[in-house]
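This one's a predicted model, so the numbers in the text were calculated from it and none came from an experiment.
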Amino acid sequence: MRPLLAASGITALAVLAVLPAAAPAAADTPAGFTIEDPRIKESSGLAASRAHPGVYWTHNDSGDGPYAYAVDGRTGRTVARVTLDGVEARDVEAISIGPDGNVYLGDTGDNLGGTWPDVRIYRFPEPKELKGEITLTPTRYTVRYEDGPRDAESMMVHPVTGRLYIVSKKKSGKGALYEAPEKLSSSDVNTFRRVADINIWATDGAFSPDGTRLVVRGYFDAREYRWEDGRPEEIGRPTVPLQRQGESVTFTPDGRTLMYGSEGANSRVSPVALSGELLPDSAARENKNPGGGGAGEQAAGGDDGDGNHTLVLGAGALAVVAVLALGVRWLFRRRPDGT
């Protein structure tokens, strides 16, 4: 038995030598969380708070009242609910926070296929203190599209210019990106102008905190765009987690991670780290600092690093098989009688 033990020992050492070290978790990638509030059954939009680190704003789809919920991303518990006084919600689908510190709630959905002549966006200041029930009177904006009514579930406020954008939802063919007037009017109708095609069945969208990236998600996939001179240029497809009904997305405040949300009771908000070209410009510049350049560059196609890690594991596994074969061959050469 000693030759067999020796061969096993040599093989074990070889296995340890070729297996890759476990990849460390990214220190700045937040954990996901489960929305605990039983009132939130159809979370349809998501926005990272600017004033309260770790808090995410969300809301229900149609069927709920004019509410916005502030959820603690560490515990999943609601820390405050804002009621918009004087508002009759129809089909609230999106939420975003502007550079002015205001929260924008998009009542832009139209499950009847685009039959409402106009939709509404509501603006209210993000509360300085989040506690319990809060009632606010919002500013209301009436919105129409230059090419007629349509269903839309994605509304984004650019974090630098403050300009609003909406992405229409279209099951077949292309949706579109619509741009608001430079300055919104609370007394007149605001006509949004079509400025680009968006080839995805869009359920939500978000700008990166520095305004250099736009992500638009669907139920099962997403597109990311470089944002330059007010227009999108597609650069890749970030990873999208498997969810019950993928409805929402937002960037974390540092721009390095996408947080994806889903409808349903006790729905999960899942993080996906970005790298490579999908990183916003400000985060990419930080990575160029000495000693900070590197971990796991993500391909423009949206691979979050698992593909390269799989290749390494595959190569390691092949090496292990080869070492085992050599070990067995060595063993039998040492025992010519074959017993």
Side-chain angles (χ1 to χ4, degrees), residues 46-48 50 94-100 102 104 106 121 143 145-147 152-170 174-184 190-218 221-240 248-260 272-289 292-294 297-304:
L46 201 63
R50 284 175 171 259
I95 193 165
S96 186
I97 300 178
D100 54 5
N102 285 313
Y104 292 76
I121 294 173
V143 172
Y145 304 97
E146 66 172 359
D147 49 0
E153 297 187 3
S154 312
M155 179 212 65
M156 305 79 62
V157 184
H158 193 274
V160 178
T161 67
R163 201 159 193 167
L164 270 70
Y165 296 84
I166 291 175
V167 177
S168 62
K169 180 181 182 183
K170 197 168 184 181
K174 293 181 178 179
L177 176 72
Y178 290 84
E179 179 183 70
E182 187 174 357
K183 186 175 181 180
L184 291 176
N190 298 276
T191 300
F192 279 51
R193 184 169 61 93
R194 183 174 181 144
V195 294
D197 292 334
I198 299 290
N199 191 20
I200 186 173
W201 193 10
T203 60
D204 200 15
F207 282 108
S208 61
D210 67 358
T212 66
R213 297 292 185 275
L214 168 68
V215 65
V216 181
R217 76 159 297 175
D221 61 345
R223 304 283 192 278
E224 190 165 324
Y225 304 85
R226 182 184 304 281
W227 189 262
E228 199 166 7
D229 298 325
R231 297 294 178 267
E233 177 192 354
E234 186 172 336
I235 56 174
R237 300 188 179 188
T239 301
V240 177
S248 58
V249 67
T250 191
F251 283 84
T252 52
D254 63 4
R256 294 179 175 274
T257 304
L258 293 176
M259 303 294 283
Y260 289 98
V272 171
L274 297 170
S275 55
E277 194 175 8
L278 300 184
L279 271 176
D281 289 353
S282 59
R285 283 194 297 269
E286 290 176 6
N287 281 358
K288 292 181 180 180
N289 292 336
E297 284 294 306
Q298 185 173 5
D303 186 354
D304 59 3

For this session: For the pair Thr257 (side chain) and Thr252 (backbone), establish whether a donor and an acceptor sit closer than 3.5 Å, ignoring hydrogens and angles.
Result: no

For this session: Mark yes or no for whether Arg213, through its side chain, and Glu277, through its backbone, hold a donor-acceptor pair below 3.5 Å.
Result: yes

Problem set entry | Heavy-atom donor-acceptor pair, Asp204 side chain to Arg217 backbone, under 3.5 Å | no

Seminar exercise, completed: d(Lys170 NZ, Ile200 CD1) to nearest 0.5 Å is 15.5 Å

Exercise. What class does the angle between the rings of Phe207 and Tyr165 fall in, given that below 30° is parallel, 30 to 60° is tilted and above 60° is perpendicular?
Worked result: perpendicular

Exercise. Going from CG on Leu274 to CG on Leu258, what distance comes out if it is rounded to the nearest 0.5 angstrom?
Worked result: 4.0 Å

Problem set entry | Flag side-chain contact, heavy atom, 4.5 Å: Phe192 against Glu179 | no

Exercise. Of the non-hydrogen atoms in Arg163 and Ala180, which two are nearest, and what is the gap between them?
Worked result: NE-O, 2.9 Å

Seminar exercise, completed: Taken to the nearest 0.5 Å, the spacing of Ile97 CD1 from Arg50 CZ works out to 7.0 Å

Problem set entry | Shortest non-hydrogen contact between Asp210 and Ser208, atoms and distance | OD1-OG, 2.7 Å

For this session: Can you see which heavy atom on Ala206 is nearest to which on Phe251, and at what distance?
Result: O-CE1, 3.5 Å

Problem set entry | Interatomic spacing from CE in Met156 to CD1 in Ile166 - rounded to 0.5 Å | 8.5 Å

Problem set entry | Closest non-hydrogen atom pair between Lys183 and Asn190, with its separation | O-OD1, 4.4 Å

Exercise. So, do Glu233 and Tyr225 sit near enough that their side-chain heavy atoms are less than 4.5 Å apart?
Worked result: no

Exercise. Backbone N or O of Tyr104 within a donor-acceptor pair of the Ser96 side chain at under 3.5 Å?
Worked result: no

Problem set entry | Rounded distance [0.5 Å steps], CZ in Arg223 versus CZ in Arg237 | 3.5 Å

For this session: Look at atom CD of Glu146 and say whether more than 12 heavy atoms of other residues, nucleotides or ligands are closer to it than 6.0 Å.
Result: yes

Exercise. About how many Å separate CG of Leu184 and CG of Leu164, when rounded to the nearest 0.5 Å?
Worked result: 5.5 Å

Exercise. Closest approach of Ala202 and Ser154, non-hydrogen atoms and distance?
Worked result: CB-OG, 3.7 Å

Exercise. Taking the side chain as C-beta and beyond, is there a heavy-atom pair between Val272 and Pro238 under 4.5 Å?
Worked result: no

For this session: Over all heavy atoms of both residues, which pair between Val160 and Pro99 is shortest? Give the atoms and the distance, please.
Result: O-CG, 4.1 Å

Exercise. Are Tyr178 and Val143 side-chain neighbours, meaning at least one heavy-atom pair lies under 4.5 Å?
Worked result: no

Exercise. Do Asn287 and Arg256 come close enough that some side-chain heavy atom pair is under 4.5 Å?
Worked result: yes

